[in-house]
Amino acid sequence: MKSFLETLKNAEEKWRERWRESGIFKPDEGSDKPKYYLLEMYPYPSGTLHMGHMRNYSIGDSIARFKRMKGYDVLYPMGWDSFGLPTENAAIENDISPEKWTERCIEDMKEQMDSLGLSYDWDREVASHWKGYYKWDQWFFLKFLERDLAYKKEAEVNYCSECETVLANEQVEGGRCWRCDSLVEKKDLDQWFFNITEYADELLEDLEELEDWPEKVKKMQQDWIGRSEGAEVLFETTDGEEIPVFTTRPDTLYGCTFMVLAPEHEISEELAEGNDEIEEFIERAKRLKASVREQKGKEGIFTGKYGVNPVNGEKIPIYIADFVLETYGTGAIMAVPAHDQRDFEFAREHDIPIVPVIKPEGEEDFEDLDEAYEDEGVLINSEDYNGMDSEKAWEEITSALEEEGKATREINYRLRDWLISRQRYWGCPIPVVYCDECGTVPVPEDELPVELPTDIDVDVAGNPLKNDESFLKTECPECGGEAERETDTMDTFIDSSWYYLRYCSPDFEEAPFDEGDLEKWMPVDQYIGGIEHAILHLMYSRFFVKVLRDMGMCEMEEPFERLLTQGMVLLDGEKMSKSKGNVVDPGNMIEKYGADTSRYFILSAADPRREVEWSDEGIESKFEFLRKVWQTVEESDFDGNEDIDLENCNLRDRYIVSRTQRVADEVAEDIENFRISDGLKKMEHFFDELLKYRDESEETPERSKIFSKGLETYVRMLYPFSPHLSEEIWHQLGNDELINEVGWPESEDALIDERAERGEELYQKLRDDIIHIKNITEKEPGHIRVIVAEKWKFKAFELIQEKLNEMEKPDMGAIMGDLGGEFPDKKRELSEIAQKAVKNPGKILDRDVDHEFETTTLDQIKARLEREFETEIEIMKAEDVEDEKADRAEPGKPGIILD
RNA sequence: GCGGGAGUAGCCGAGCUAGGUCAAAGGCGCUAGACUCAAGAUCUAGUCCUAUAGGGGUCCGAGGGUUCGAAUCCCUCCUCCCGCACCA
């Protein structure tokens, strides 16, 4: 006999081939099925698949297959985020061109993806380094330029000397490069930007529409955008200079006792010219900023200048201090030490007066603060505004200043424009040339793409494009004279901002996408990826779609309808990473256990959103489980295609039939809600129930049919998770069609049998009780009596149930009042039952109160119990038994006597 | 500091968005039994305390509260994890 592993491997090869031939992974053109666009974040082609990928794609593929079974027209594509710095480095290391390296990596990864059995439609593959793709990056750039959404300016930018390129704000994490973790420096450079701040408000507001995004991701974007409402207030110095400041608290203006400038502020720089002390301070502050981010001290220096508080004419000192950010607001602040903790600390250190102007409501004395009071309250020390609520004062003070022309209401954002230039080779060239005559000239659309030269020596310092004459030298599109190309390439996040649109029409040549196809497939119904893109990729993509909408190229507002952020894969509680050397290679795992086992394990070990702990025993046990499934089929005769004759079914038969219906619906619901591991657990439980049923019940034609049907249902449910094995089994069972065509098992209401389910419950409870009693008495009974409660108790329970349902809250008196009359001679027993009912209504409410049913059910259960306990069972009526245990019997809970 | 998430039996982990059927699913580990020459695998039962009849007690980070009734709702506190971090 073949080993199970061999079986798996054979099935993998065989079905992968058959699926490919059948074209079931391609969207069903022209069908009227509802569309479903399922997307995983396209990977950077590093050459090897890691566990994170493996998990991501296992989740995605199971959803894709499930949705196809459920009758959706599924678009499930894959592609490559193939531009980027690591490739350039790898290429140098391996002495090969980045292009060749990339293509080799793609090939390798594709093979690994195939070995997992992922059901992508490879006809739609895209890769950002393909000319046919990045041409449209350039096209978008030109469009952005036309709309003033792309511009070049000299600015202080983040520079990573390790990567030898600049970075966008989003790509700096805690002062370090997101990719290589080295410290980021500030540099003044002339760079290209996308004007994402233009869309700040919309990006913020529309977050609310994204109902099926994780709250966490929305919150992160919200914080990143960082909108704050306030006013820009114009302060004058005693020398007549004007210094605008931004504040969100105009209501505290009377408490402003000094001003602070950022070290990079224009006036700071001017002052440094003639003052060594100031110059030195500024230099030091700048250096500190770049290196030691954690330092919290508020260092500052007095400028010798004074400003004038515009509301009360007070003369206030102006300082330069490192805690004021040049990049936020105007780079200068009005300091209100009484109501801002940072200002408070600074004032303490420099002996500046602290004047409270807002006191908490109801408080009397409010002087001598220990810390700043930052909440709302009532104004004090504020002339005409005293006694006013801070909220109202905010408005009035602002309006008053506005009238004098000393303030304007402003909204400020933390979000900065997106710096898209990169001084690296392996990226999409920015389609611009520089001409001495005409200046900066965009490359005309019909000359796109500006091709990235591929026969080039990349092992040089700096950007290799600068050394490549044939690339560099060009004609000016306007005057025809000599010109030089822009050598910066685009941030690769531009590539990934619209790739999901390209999948809709990957071969379209007239435009980045065909609008009709876009209309059909977008938005993405389900996006799956890592949390690390919470801000970067997900915000840039949203921005792109909004711009495209304004260009009239699409109608949607948001690209991704639902977002799922998967958890990490851990080993011994730690994140797997190359640097820690604790990686488990998916390739080895597939080799050893097969693709189906690997997929099954990673999906069953934890739900997609959570972290998952890798475990050798875990995958081993799943391998065994699947082997059991396989063996079960091997040893079974199959006749699932014949109709079941319910007339000839006993209670248990009907129960299994009923379960078979329900489990399909339950598991489907779990999958819809990404509770995949729950669903798999239910399936396993169902499978074990089936086996028990087969082994424990009498061999009848119906049993065989019911078992087969159950097995068939199980196998179909297994398909999204372990598709090869399940397809193999399915055909082994005598079916010709592919599971994909047959679809998800639909439940038949007519086959759902609540009585049978109740019967099974009764059996289980009874069995548990008998075992329990056996355990505490340590008796091995030779005879068991099972006693149905007296008939009147059924009636009494029923009445109590009615009462409980009527009553707002359980009331002992009311229950007894009505029941006492009904059963005058049972008052003592009744009061016990009623007490129980009041104490725990749930325990009474779930009872089955059908005496007839219980009696006949027990008769049917009898034989099964006898087999289970290998002893004689006698079913009796309490009315016929003289024993206190018989008196204790209740509906749904028969008395038990072990003899 | 701000924000988000979480604290459940030896461990992992459901349940907690609709309070009662929760001593609290499932898995792992452990114990006993079956099987076996034996081990492993598998199957069965047990695994908070107590009890030779299905019961009782205590329990879901700590402490209060609401309720006839709380793991589930409210308040306070403690601890852990994650994200942002001097954004005026």
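We name chains A, B, ... by the order of the sequence lines, and we start the count at 1 in each one.
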Using the P atoms only, state how far B:C49 lies from B:A25, rounded to an integer number of Å. 16 Å
Taking the same atom, C1', in B:A34 and in B:C82, what whole-Å distance lies between them? 49 Å
RNA chain B nearest-nucleotide lookup for A:D768 and A:G895: closer to the 5′ end is A:D768
So, A:H265 versus A:E326: side-chain donor-acceptor pair below 3.5 Å or not? no
Rounded distance in Å between the P positions of B:A70 and B:U21: 11 Å
For B:A62 and B:G69, measure between their C1' atoms and round to the nearest Å. 22 Å
Across the strands shown, which category fits A:G618 at heavy-atom distances under 4.0 angstrom: base, sugar-phosphate, nothing? nothing
Note: for A:H772 and A:R610 on RNA chain B, the residue whose nearest nucleotide lies more 5' is A:R610
Tell me what A:I770 touches on the nucleic acid: a base, only sugar-phosphate, or nothing, going by heavy atoms under 4.0 Å. nothing
Touch class at under 4.0 angstrom, heavy-atom based, for A:I531 against every strand present: nothing
Under the 6.0 Å and 45° cation-pi test, does A:R864 pair with A:Y763? yes
Under 6.0 Å from the CD atom of A:Q764, do we count more than 12 heavy atoms belonging to anything else shown? yes
Mate of B:A32 across any strand shown (Watson-Crick or G-U wobble, both atom pairs under 3.5 Å) is B:U44
Is A:R847 touching bases, backbone alone, or none of the nucleic acid, heavy atoms closer than 4.0 Å? nothing
Remember a base hit wins even if backbone is also touched, and classify A:S228 as base, sugar-phosphate or nothing at under 4.0 Å, heavy atoms. sugar-phosphate
